[in-house]
A.B. asks: 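Below you will find the structure I want to go over with you.
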Amino acid sequence: MRGSLLVAVVRVPGSPSLALYRDRGLVAEGRPEEIASTVAKLQDTSAIRVCWWNRSVATELVRAGLRISRCWDVQEAHRLLCGGWSAAPDEVWANAVALPMSERPAPLAGDLFDEPAQVGGPLVRPDGYLDPRVLGDERPSADDLAEWAELLFQVVARQAEQLQARSPTAVSTALSESGTSVLITELERDGVPIERARLTELITQAAGVPPESERHAAQLRADRDDVVRRLVPGRERTDLRNPAQVLELLHAVGVKVEDTRAWRLEAHRHTHPVVEALLGWRKAERIATTYGWGWLQAHVGPDDRLRGPWTTCDGGAGRMTAGAGLHSLPAPLRPGVAAPAGTVLVRADLGQVEPRVLAVVSRDEEFARATHEDDLYAVVAAQLGVERSIAKIAVLSAMYGQTTGPAAAALERMKRTYPTAMAYLDAAAAQGQRGEAVQTYGGRHIPVTQSATAEQARAVGRFTRNAVVQGAAAELFKAWALTVRHALWQQGDGTGRIVLMLHDELLIEVPQNQADDTVTLVHHTLTDAARRWSGGAPVRFVADVAIIHRWSEAKG
DNA sequence: GATTTCACGTA
DNA sequence: CGTACGTGAAATCC
């Protein structure tokens, strides 16, 4: 924050134009391309930070070709401060000036009960709240723009103060979340490279040929279903998509299960041929319905790039989310994600990131020592005197709140061997169970729902226990990704780019001749980002990095 | 028509 | 009674 010039970009109502402000007033107004080039020149000559009320402004600048390096997104800062996703201007303002959220004026309903529209008056009401007229699409009016930008500067300053007071790391988390807000705009623009012929082939294997009509589609579905239904004479009319009917069918052939979930059916795979057939049918049906021809048509563009909507932190603990199946693409389809000619993909996976993050956030010195090796679970196993597989389950159980199962005894030893880390998790769980919000290492507020029953309270406890680890891991991951992105801009011709982010995995597309340099870059940026993020904690982070042509290659 | 339940893909 | 997400189909609730 310090030492950099804050500039604001706001939308000019009723026009495609954007306006650029600094503390002393208007700098420029014009089409997004013009403002993008003005901001680019400013970025080149001085240290600036760009802020906006809404990410859509950043989206326009990015689409105009601007590479935004430093920014402050007041919605992201607000989400960090308050938790959740909602971040309309009136909420952002109210929180920034420390007024109660519940007392703010209702948005205009656009009917006779609205108070007469305030025209030309101040945007801040006498009671300190933002005038509801700013919530409409065409408001504030063009006359109010300078004031709108001035209020934005005030919000940035107040948010920074609040974050500073909250935690030593929170301001840098806000900067990272703001950068991520721009990065997801780039992900949405660029998409993931697809080899259409290969993906088409894979979808055909699972879902059959593309249906030519509704009738044809129904016929293909029925053909697929018959393969399974034929195995149980007398039940050829079963609707396989209806769990109740499937349950009945299974009971009829002597498979006694309480529901039809795959993991439960796994044990009965060989009791009757229909079980195996049904499990295979389910896999194909998943691809046919969710990742089939409709999905291809909707999300893969004519340029053979798969695009979906992204959020920076909509997950309960502040993880990113993505639509269009980008975060849940079935493994069988992954060969369809492939580097275009002249480029390669570099795939980088963080190794055992959650326990390593736990070592940082809990400041457990003994647990931190375990992170010095590539295989953390092997060290834990040796220290606890158990098998590696048991140690792994014990560590994961501690972070997920599982108390039963094969690792129950090992959990007791964990408490003795790593008391600080375990106490950190227990404290987070206890807070959640009491109905209190928790905070991540980076300062994100994680609100919790109030529970009516003890069982619900325990579920909240498991959520907060996990959220402090999962959320902190997300913070490290975003900081790393931004460091990678910045380094890619500096490398070679600067065309390398991140195309997919998957909680602990980056998929990067670079020209072939940059492949080796990118591998080096990924390792170095991880060391740098982890050192900055952890404040120099003695915790090691590792990445598994591979140069590949298809996403399916080189998994761990 | 909107919401919930079941199911399952990913980390 | 292990966490989080997105998605679709059917059942269920207005």
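Reminder, nothing fancy here: chain letters follow the sequence lines and each chain counts from 1. On a predicted model such as this, the values are computed, not experimentally measured, just so you know.
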A.B. asks: Identify the pairs formed between an N or O of the protein and an N or O of nucleotides 5-8 of chain C at a distance under 3.5 Å, and give each distance.
C.D. replies:
from: dC5(C); atom 1: OP1; to: Gly316(A); atom 2: N; distance (Å): 3.3
from: dT7(C); atom 1: OP1; to: Ala324(A); atom 2: N; distance (Å): 2.9
from: dT7(C); atom 1: O2; to: Arg286(A); atom 2: NH1; distance (Å): 3.4

A.B. asks: Enumerate, atom names and distances included, each donor-acceptor pair closer than 3.5 Å involving a side-chain atom of residues 319-329 of chain A, sequence neighbours excluded.
C.D. replies:
from: Thr321(A); atom 1: OG1; to: Thr311(A); atom 2: OG1; distance (Å): 2.7
from: His327(A); atom 1: NE2; to: Met501(A); atom 2: O; distance (Å): 2.8
from: Ser328(A); atom 1: OG; to: Tyr291(A); atom 2: OH; distance (Å): 2.9

A.B. asks: For residues 422-430 of chain A, dump all side-chain donor-acceptor pairs below 3.5 Å to protein atoms at least two apart in sequence or in another chain.
C.D. replies:
from: Asp426(A); atom 1: OD1; to: Arg465(A); atom 2: NH1; distance (Å): 3.4
from: Asp426(A); atom 1: OD1; to: Arg465(A); atom 2: NH2; distance (Å): 2.9
from: Asp426(A); atom 1: OD2; to: Lys415(A); atom 2: NZ; distance (Å): 3.1

A.B. asks: If a pair satisfies side-chain hydrogen bond (donor to acceptor under 3.5 Å, both in side chains) and one of its residues is in residues 204-219 of chain A, list it, with sequence neighbours excluded.
C.D. replies: Gln219(A)-Asp223(A)

A.B. asks: How would you list, by chain and number, every residue that makes a side chain to side chain donor-acceptor pair (under 3.5 Å) with Arg196(A), sequence neighbours excluded?
C.D. replies: Asp304(A)

A.B. asks: Quick one: side chains of residues 242-250 of chain A, donor-acceptor pairs under 3.5 Å with protein atoms, not counting sequence neighbours, listed by atom name and distance.
C.D. replies:
from: Asn242(A); atom 1: OD1; to: Ala244(A); atom 2: N; distance (Å): 2.9
from: Asn242(A); atom 1: OD1; to: Gln245(A); atom 2: N; distance (Å): 3.4
from: Gln245(A); atom 1: OE1; to: Asp239(A); atom 2: N; distance (Å): 2.7

A.B. asks: Which residues, if any, of residues 205-232 of chain A bring a heavy atom under 4.0 Å of DNA chain C?
C.D. replies: none

A.B. asks: What residues in residues 421-439 of chain A put a non-hydrogen atom under 4.0 Å from any atom of DNA chain C?
C.D. replies: none

A.B. asks: According to salt bridge (Lys or Arg N to Asp or Glu O under 4.0 Å), who are the partners of Glu475(A), at least two apart in sequence or on a separate chain?
C.D. replies: none

A.B. asks: Please list, pair by pair, any protein nitrogen or oxygen found under 3.5 Å from a nitrogen or oxygen in nucleotides 10-14 of chain C.
C.D. replies:
from: dA11(C); atom 1: OP1; to: Asn242(A); atom 2: ND2; distance (Å): 2.5

A.B. asks: Which residues pass the side chain to side chain donor-acceptor pair (under 3.5 Å) test with Thr169(A), not counting sequence neighbours?
C.D. replies: Ser167(A)

A.B. asks: The criterion is side chain to side chain donor-acceptor pair (under 3.5 Å); which residues satisfy it with Arg532(A), sequence neighbours excluded?
C.D. replies: Thr483(A)

